[in-house]
Amino acid sequence: MATRRKPSSKPSEIPPEVRSEEAKPPHQDAPSLAPPKLGLIIPVAAAFFLSFFYLVFVTYQIEPDLRRSIAINAAMSFGAFVLAVRMIPVAARYVLRRNLYGFDINKKGTPQGTIKVPESLGIAIGIVYLVIAILFQHFNFTSDSNWLVEYNAALASICFMILLGFVDDVLDVPWRAKLVLPSFAALPLLMAYAGHTTIIIPKPLIQYVGAAVLDLGWIYKLYMGMLAVFCTNSINIHAGLNGLEAGQTVVISAEVLIHNVMQIGASTDPEHQQAHAFSIYLVLPLLTTSLALLSYNWYPSSVFVGDTYTYFAGMALAVVGILGHYSETLLLFFLPQVLNFLYSCPQLFKIIPCPRHRLPRFDPQTGLLTGTKDGTLVNLFLRLFGRCTEQILCIRLLIFQALSCLLCFWLRHVLAGWYK
């Protein structure tokens with residue numbers, strides 16, 4: 001978590017030593033970043049993608065055209081990973097030059113706590129993602145494709161959210177405004193949405209509702225807008241540790257990919273298959289670019305992701321859940337974020353005092369974190385399982401995220417045929 005240094009609003013004369021410092025060439029002034037932790041990221045990513053491709057090309061009988069599109073998207077996503085790894089140090093130099101940096105609060109009192117950490121690096125990841133997603137249209141969609149309008153509307157919403165997230169990083173937007181911003185970013189998607197607005201009533205409730213399928217009309221679009229607001233803000237408030245924001249996005253994205261492949265393999269409906277393939281096309285580059293960011297953001301972090309990334313990741317996941325028609329399943333994947341939001345509500349809505357940074361206390365002598373009474377899962381885990389280092393705490397939270405996603409798969413399997 002960062003405390004960003006803000007320039008003073010009072011006009012003042014620039015001291016001579018600062019003038020001479022600013023006159024230095026940028027490459028001499030900006031500290032170099034620590035190298036990315038690829039030795040940690042690549043083995044984990046390789047294990048996942050081997051499993052993913054085994055499902056796509058061996059386990060399930062998927063149409064050759066779909067397999068081809070998934071393979072092309074995967075190749076372009078790998079290119080996005082390489083490009084993002086190279087762009088992050090370049091972007092870091094630029095944001096440092098503009099005083100967009102922070103100090104790691106969870107290392108306060110140690111030499112690492114005095115290092116200027118470049119912030120808002122989500123802008124680099126967002127740009128790479130958009131470029132790859134736009135170029136992919138050339139290989140998959142024709143000019144008369146039914147999905148092209150919604151695909152571009154999805155990219156417009158994601159692009160809008162990246163812009164608003166960067167504005168938040170620069171201007172430090174109040175919390176009330178943060179709750180509204182995603183609803184504006186979701187407008188292109190909601191206006192272009194041409195899918196169904198019906199829901200399937202759970203079988204135990206059909207006798208009370210009187211119908212197996214219910215058309216919600218504009219209420220369904222309102223629900224989609226609220227889902228976008230929740231997803232963007234839920235990742236933003238479940239944060240504060242090196243690697244947590246990017247890590248939870250990686251875990252959710254990986255589970256979403258597995259879910260989509262399983263749904264394509266189990267379905268014979270072409271429209272249903274296309275909806276989940278559409279989701280894969282948007283999630284694969286999100287996963288690879290997030291892995292690139294995680295290689296720099298993992299403990300000890302050499303960059304901060306900023307609100308730009310959390311908003312971008314949340315909107316991207318909301319978009320794939322909406323257009324893939326599995327928003328209920330997406331909320332199950334977001335179970336830790338849902339619990340964190342509910343636990344945070346008394347402070348978020350000012351029922352009890354809410355400090356600016358709801359972070360645990362750091363002991364520079366031992367390097368351990370101690371949970372406070374603030375309503376976050378980060379503090380709750382420390383109170384339940386005891387003091388630990390920042391890295392161990394982040395690993396525990398990511399394991400909880402993965403177990404929650406596995407619970408989602410288990411629930412879908414158990415309730416299949418009975419619930420719907």
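Residues: numbered from 1 along the sequence shown.
Between atom CZ of residue Phe53 and atom CZ of residue Phe48 there is a gap of 9.0 Å, rounded to the nearest 0.5 Å. If you take OG1 on Thr389 and OH on Tyr299, they are separated by 6.5 Å, rounding to the nearest 0.5 Å. In this structure, Leu216 CG and Thr198 OG1 are separated by 8.0 Å, a value rounded to the nearest 0.5 Å. The distance from the OG atom of Ser404 to the CG atom of Leu339 is 7.0 Å, given to the nearest 0.5 Å. In this structure, CG in Asp104 is found 11.0 Å from OG1 in Thr114, a value given to the nearest 0.5 Å.
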task: Check the pair Phe400 / Phe381 against ring-ring contact (aromatic ring centres under 6.0 Å, His included), numbers first and verdict last.
output: CA-CA 10 Å; Phe400 179 60; Phe381 265 56; 5.5 Å; yes

One pair to check against ring-ring contact (aromatic ring centres under 6.0 Å, His included): His325 and His272. What are the steps and the verdict?
CA-CA 9 Å; His325 308 306; His272 185 76; 8.4 Å; no

task: Show your working on side chain to side chain donor-acceptor pair (under 3.5 Å) between Ser290 and Tyr309 and close with a plain yes or no.
output: CA-CA 9 Å; Ser290 296; Tyr309 175 77; 2.7 Å; yes

Worksheet item: Can you check side-chain contact (heavy atoms from CB on, under 4.5 Å) on Leu181 and Met161, steps first, answer last?
Response: CA-CA 8 Å; Leu181 291 180; Met161 200 67 254; 4.3 Å; yes

Can you list the steps and then say if Leu257 with Leu284 is a side-chain contact (heavy atoms from CB on, under 4.5 Å)? CA-CA 7 Å; Leu257 282 175; Leu284 255 177; 3.8 Å; yes

Q. Would Phe278 and Leu282 count as a side-chain contact (heavy atoms from CB on, under 4.5 Å) if you check the C-alpha gap in whole Å, the side-chain angles of each, and the deciding distance to 0.1 Å?
A. CA-CA 7 Å; Phe278 184 94; Leu282 291 173; 3.7 Å; yes

* Start with the C-alpha distance between Arg358 and Thr372, add both sets of side-chain angles, then the distance that settles side-chain contact (heavy atoms from CB on, under 4.5 Å), and finish with yes or no. => CA-CA 8 Å; Arg358 301 182 301 159; Thr372 66; over 6 Å; no

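Using the six-membered ring where Trp is involved, Phe136 and Tyr151 have ring planes that are tilted, between 30° and 60° apart. Using the six-membered ring where Trp is involved, Phe52 and Phe49 have ring planes that are perpendicular, over 60° apart on the 30 and 60° scheme. Under the 30°/60° scheme for interplanar angles, the aromatic rings of His259 and Phe409 are found to be tilted.
Not less than 6.0 angstrom separates the ring centroid of Phe103 from the ring centroid of Phe304.
Distance alone, capped at 3.5 Å, is enough to place a donor-acceptor pair between the Ser157 side chain and the Ala185 backbone. Side-chain atoms of Gln337 do not come within 3.5 Å of backbone N or O of Leu331 as any donor-acceptor pair. The main-chain N or O of Thr310 is never found under 3.5 Å from a side-chain atom of Asn236 such that the two would form a donor-acceptor pair. Between the side chain of Thr232 and the backbone N or O of Pro182, no donor-acceptor pair lies under 3.5 Å. In terms of modelled atom types and a separation under 3.5 Å, the side chain of Asp169 and the main chain of Asp307 share a donor-acceptor contact. Formation of a donor-acceptor pair under 3.5 Å by the Asn242 side chain with backbone atoms of Pro300 is not found in this model. A donor-acceptor pair under 3.5 Å is absent between the side-chain atoms of Asn140 and the main chain of Ser69, judged by distance alone. Gln273 places a side-chain N or O within donor-acceptor distance of the main-chain N or O of Ser267, the cut-off being under 3.5 Å. Judged purely by atom type and a 3.5 angstrom limit, Asn297 has no side-chain atom pairing as donor or acceptor with the backbone of Leu293.
Looking at heavy atoms from C-beta onward, Leu121 lies out of side-chain contact with Tyr296 at the 4.5 angstrom threshold. The closest side-chain heavy-atom distance from Gln274 to Leu66 is below 4.5 Å. Side-chain contact between Ile105 and Phe362 is absent, with no heavy atoms from C-beta onward closer than 4.5 Å. No side-chain heavy atom of Ile322 sits less than 4.5 Å from a side-chain heavy atom of Leu330. Side-chain contact between Gln347 and Pro355: present, with at least one pair of heavy atoms (C-beta onward) separated by less than 4.5 Å. Side-chain contact between Leu287 and Val250: present, with at least one pair of heavy atoms (C-beta onward) separated by less than 4.5 Å. You'll find the side chain of Tyr193 reaches within 4.5 Å of the side chain of Tyr220, heavy atoms only. Contact annotation: the side chain of Ile352 never approaches that of Lys373 to less than 4.5 Å [non-hydrogen atoms, C-beta and beyond].
Nearest heavy atoms, Ser279 versus Asn260: OG-ND2, 2.8 Å. Between Ser77 and Ile132, the closest heavy-atom pair is N-CG2, 4.5 Å. Between Leu398 and Val251 the shortest heavy-atom distance is O-CG2, 4.4 Å. Scanning all heavy atoms of the two residues, the minimum distance from Pro360 to Leu382 falls at CB-CD1, 3.3 Å. Smallest separation of non-hydrogen atoms from Ser253 and Leu317: OG-CD2, 3.9 Å. Here the closest heavy-atom approach between residue Gly165 and residue Tyr311 is recorded as CA-CD1, 3.4 Å.
The number of heavy-atom neighbours closer than 6.0 Å to OH of Tyr94, taken from other residues, nucleotides and ligands shown, is 12 or below.
Asp215 and Thr197 form a side-chain donor-acceptor contact under 3.5 Å, judged by distance and modelled atom types alone. Of the N and O atoms on the side chains of Arg361 and Thr370, not one donor lies less than 3.5 Å from an acceptor on the other residue.
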